[in-house]
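Worksheet: the structure to be examined is printed underneath.
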Amino acid sequence: MSGDVVNLRMARKRRDRTAKEAQAERNRFEHGRSKAERELARARNEKAERHLDASRREPDDGGS
């Protein structure tokens, strides 16, 4: 009839530790890029936008 004894203090610390690790993982994913990587991504995005704008066709007015 007796179950396993659970130390609530240790269980609470374990829960808090896993929550902090999950938050740290999210932060590393969001903020973990170097300055060079951020600038490279920004430059690639700008180049793609310029290419898209240069390839855009002007609409015909069709107002005959």
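- Side chain of Ser55 to main chain of Leu52: no donor-acceptor pair is present (N/O by atom type, distance under 3.5 Å, no hydrogens or angles).
- Side-chain atoms of Asn45 and Glu49 form no donor-acceptor pair, as typed in the model, at a separation below 3.5 Å.
- From Glu37, atom CD reaches atom CD of Glu39 across 11.0 Å, with rounding to the nearest 0.5 Å.
- Each of Arg26, Glu21, Lys20 was scored for a side chain to side chain donor-acceptor pair (under 3.5 Å) with Gln23, with one residue passing: Arg26.
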Candidate pair Arg56 and Asp53, rule salt bridge (charged side-chain N to carboxylate O under 4.0 Å, His left out), full reasoning
CA-CA 5 Å; Arg56 185 167 290 158; Asp53 288 341; 3.5 Å; yes

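- Ion pair Lys13/Asp16 not flagged as a salt bridge, since none of the NZ, NE, NH1 or NH2 atoms sits closer than 4.0 Å to an Asp/Glu carboxylate oxygen.
- Listed here is the closest heavy atom pair of Arg38 and Arg33: NH1-O, 3.0 Å.
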